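In what follows, a structure is listed as structure tokens, so that the remarks can point back to it.
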Amino acid sequence: MNETKVMAALDCGNSSFRIVLGEYKDGKIGSTVIAQLTNYMVKIGDYYYWDFLRIFHEFKAALKEVISSGKKIDSIGICTWGVDFALFDKAGNMLSNPLGYRNVIGEQELSKLTEEEKKELFYESGILCDKINSVYMLSGMKNNFSSIWSQADRCLMAPDILNYFMTGEMVNEPSELSTTQLMSADTRAINEKICEKFGINPKLFREIGSHGTKIGNVKADILEEIGADYDIPVICVPSHDTASAVAAIPAMEENFGFISCGTWSLIGTELKEPIYSDEIMNSNLTNEVGAFGKITLLKNSAGMFVVNQLKKEYDFHCKRKVSWDEITELAENAVSSAVIDLNDTAFFNPSSMSKAVWDYLVKTSQVSGEKDWGVLFRTFYESLACCYAVTIRDLEKTTGNVFKKIYIVGGGAASRVLLNMTAKHVGKPIVVCFGESTSMGNLAVQLKYFCPEMELLDLRKIISKSYETAEFEAEPGDFHVLEKYENMINGKEV
């Protein structure tokens, strides 16, 4: 395809959302961040909600700015985080803003299941049982939000909501839908047996979209609002941000490992079909649907949320906004080999992250005395790198594939200290990919709408020409730290 195309991508994460403008020209995709705004849950009463009306408003404002500058937008694609959703009535009205996954409803519902039931659910869906999976929030809403539940006619996942607002078309995108645990990874369709178990009407989910095809055109009233006098198609892209980020990995080899490091960490590999086995389940690996029906076998782990919370508290402690360079220096200069299990429930959403981490270190006899901020930050990075190393090893063992290098995407890829520790513990080269990989994957898949014969590998070739990667290597690390971490997560004495 020789024709120039201008595409808009919304990359909406837990802590911020970006509107990115991409231009395909001369076989490459160039991208520019048009706007970046903070995103956050809003607590109303006992519950956390996402402010989707604000997100939608700001997205339209950014599109209007692009069009007023004289640019013609050829297409739009939308990505968000996974698991969260809104319910709609028969008239197509959203019944409430989406509840956030950090509410306790999901955990309460999951705790009702026996280990045997969890195993059965894994073998039905290919998805590991996790308190944030949509199925548990949906199940809990029957009691906690009975008036809303009684009116529900349709369930749209987070990116599906925004696609609907833009086009008036209700479509469930497959990569996002797989995070519900109501979809079977092997059939890529809603599993009616799971729906029946939890009392969820499978008809809440209807048409499942196909990547690279049109969901619909932007509605006439929105076109008028943003100043466009032409149709703009909204494209079905891999709307789960992890799926789009993995689609943007410029790997030419069939077997590769990846780390997507944002608010959450997703450590995994790409497969043609899911793997159902006790070994996969016991390694806390899950079969999510990726771009064009691929499977991203991965572990969903804690990520930058922990250090972001630590930094907010440190900013308050210092009575100023501390730079990330200062945080890096604190972590690098701290003399400590302390580690924590970042996936312990103590760090899920504590009122004080620094207290939660320090109390954990005291309880496990790794520190004593007054809180040391350098040790806190170093502990986070060391623990995250150890988690990456253990998971990569588990992936190689369970799939039988050996990865020559590991590709890293997401905000964590900008952290020197994390890259150094990860390379040290993983013992393989770490390839640092494009900083805005989710938006790059989003933009690339939009190209398929204009050129249907393109396959995923073709898109990755375009991406590989569009920016340069950097390879990061380090000497093998202190195996004592990694051993201590493994003992901790296996319940042994540190």
Side-chain angles (χ1 to χ4, degrees), residues 81-85 87 101 106 109-110 112-140 152 154-160 170-213 236-244 246-247 266 268-300 395 398-399 456:
W81 65 97
V83 306
D84 288 333
F85 59 87
L87 297 173
Y101 60 80
E109 292 299 307
L110 179 60
K112 298 174 183 178
L113 300 179
T114 65
E115 291 305 311
E116 186 59 34
E117 286 177 309
K118 292 177 185 178
K119 183 174 181 177
E120 288 174 4
L121 284 167
F122 170 77
Y123 275 95
E124 280 292 328
S125 65
I127 300 292
L128 194 70
C129 291
D130 192 312
K131 57 183 172 290
I132 68 173
N133 294 352
S134 321
V135 60
Y136 308 114
M137 182 71 79
L138 279 163
S139 179
R154 187 67 186 267
C155 179
L156 293 180
M157 304 303 292
D160 304 332
M170 289 189 170
V171 173
N172 290 116
E173 186 277 326
S175 71
E176 189 77 13
L177 197 56
S178 77
T179 68
T180 64
Q181 204 179 3
L182 289 164
M183 176 189 244
S184 294
D186 52 356
T187 65
R188 279 71 158 180
I190 291 294
N191 185 303
E192 295 195 7
K193 184 175 179 180
I194 299 177
C195 288
E196 183 180 0
K197 178 178 177 64
F198 289 95
I200 297 168
N201 186 347
K203 291 183 179 178
L204 283 174
F205 306 94
R206 295 173 197 166
E207 181 187 350
I208 297 179
S210 179
H211 296 152
T213 63
C236 181
V237 298
S239 291
H240 186 204
D241 49 13
T242 303
S244 263
V246 173
L266 296 310
T269 187
E270 188 177 80
L271 303 173
K272 292 179 181 177
E273 295 296 335
I275 301 175
Y276 293 77
S277 71
D278 285 3
E279 191 174 26
I280 290 289
M281 186 178 64
N282 294 334
S283 297
N284 291 318
L285 297 172
T286 192
N287 296 279
E288 291 187 358
V289 175
F292 302 106
K294 295 282 190 181
I295 294 296
T296 48
L297 178 67
L298 55 82
K299 178 176 181 177
N300 193 340
L395 283 162
T398 54
T399 64
L456 181 55

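Nothing here was measured: the structure is a model prediction, and the numbers come from that model.
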Nearest 0.5 Å, please: how far is OG in Ser277 from OH in Tyr123? 5.5 Å
Output every pair passing salt bridge (charged side-chain N to carboxylate O under 4.0 Å, His left out) with a member in residues 180-191, not counting sequence neighbours, ordered by first then second residue. Arg188-Glu273
List in chain and number order the residues that pass side chain to side chain donor-acceptor pair (under 3.5 Å) with Ser139, two or more places apart in sequence or in another chain; answer none if no residue qualifies. Glu109
With side-chain contact (heavy atoms from CB on, under 4.5 Å) as the test, would you mind laying out the steps for Thr296 and His240 before giving the verdict? CA-CA 11 Å; Thr296 48; His240 186 204; over 6 Å; no
Closer than 3.5 angstrom, by distance alone: can the side chain of Thr180 be matched with the main-chain N or O of Leu182 as a donor-acceptor pair? yes
Please report the interatomic distance CG(Leu298) to CG(Leu271), rounded to the nearest 0.5 Å. 10.0 Å
Between CZ on residue Phe198 and CG on residue Leu121, distance to nearest 0.5 Å: 5.0 Å
Could I get the full list of side-chain contact (heavy atoms from CB on, under 4.5 Å) partners for Ser210, not counting sequence neighbours? Thr213
Quick one: are Val289 and Leu177 in side-chain contact, heavy atoms under 4.5 Å? no
Can you name the closest pair of heavy atoms from Val171 and Ile208 and give their distance? CG1-C, 4.4 Å
Could you note down all residue pairs passing salt bridge (charged side-chain N to carboxylate O under 4.0 Å, His left out) where residues 275-294 supplies at least one of them, sequence neighbours left out? Lys119-Asp278
Taking every non-hydrogen atom, the tightest pair across Gly126 and Ala185: CA-CB, 4.5 Å
For the side chain of Ser134 and the backbone of Val83, is there at least one donor-acceptor N/O pair under 3.5 Å apart? yes
Please enumerate all residues that pass side chain to side chain donor-acceptor pair (under 3.5 Å) together with Asn300, with sequence neighbours excluded. none
State which residues pass side-chain contact (heavy atoms from CB on, under 4.5 Å) with Phe122; sequence neighbours excluded, sorted by chain then number. Ile280, Met281, Asn287
Quick one: salt bridge (charged side-chain N to carboxylate O under 4.0 Å, His left out) pairs with a partner in residues 201-212, sequence neighbours left out? Asp153-Arg206
Thr114 meets the side chain to side chain donor-acceptor pair (under 3.5 Å) criterion, sequence neighbours left out, with Glu117
Between Asp160 (side chain) and Cys155 (backbone), is there a donor-acceptor pair under 3.5 Å? no
Non-hydrogen atoms of Leu156 and Met170 that approach each other most closely: CD1-CG, 4.0 Å
Just how far is it from atom NE2 of His211 to atom CG of Leu456, taken to the nearest 0.5 Å? 10.5 Å
Partners passing side-chain contact (heavy atoms from CB on, under 4.5 Å) against Ser125 (at least two apart in sequence or in another chain): Ile127, Gln181, Ile194
Determine the minimum heavy-atom distance between Pro238 and Glu173, stating which atoms define it. CA-OE2, 3.5 Å
Can you name the nearest heavy-atom pair linking Gly290 to Ser175, along with the distance? O-CB, 4.4 Å
Within the structure provided, determine whether Leu297 and Ile275 are in side-chain contact (heavy-atom separation under 4.5 Å). yes
Reported CD-to-CG distance for the pair Glu192 and Asn201, which is rounded to 0.5 angstrom: 9.0 Å
Partners meeting ring-ring contact (aromatic ring centres under 6.0 Å, His included) with Phe85 (sequence neighbours left out): none
Where Ile190 and Cys195 come nearest, the two heavy atoms and their spacing: CG2-SG, 3.7 Å
Strictly by salt bridge (charged side-chain N to carboxylate O under 4.0 Å, His left out), give each pair with a member in residues 123-132 just once, sequence neighbours left out. Glu124-Lys193
Contacts of type side-chain contact (heavy atoms from CB on, under 4.5 Å), residue Lys118, not counting sequence neighbours: Leu110, Leu113, Glu115, Cys129
What is the distance from atom CD1 of Ile200 to atom CG of Leu138, rounded to the nearest 0.5 Å? 4.5 Å
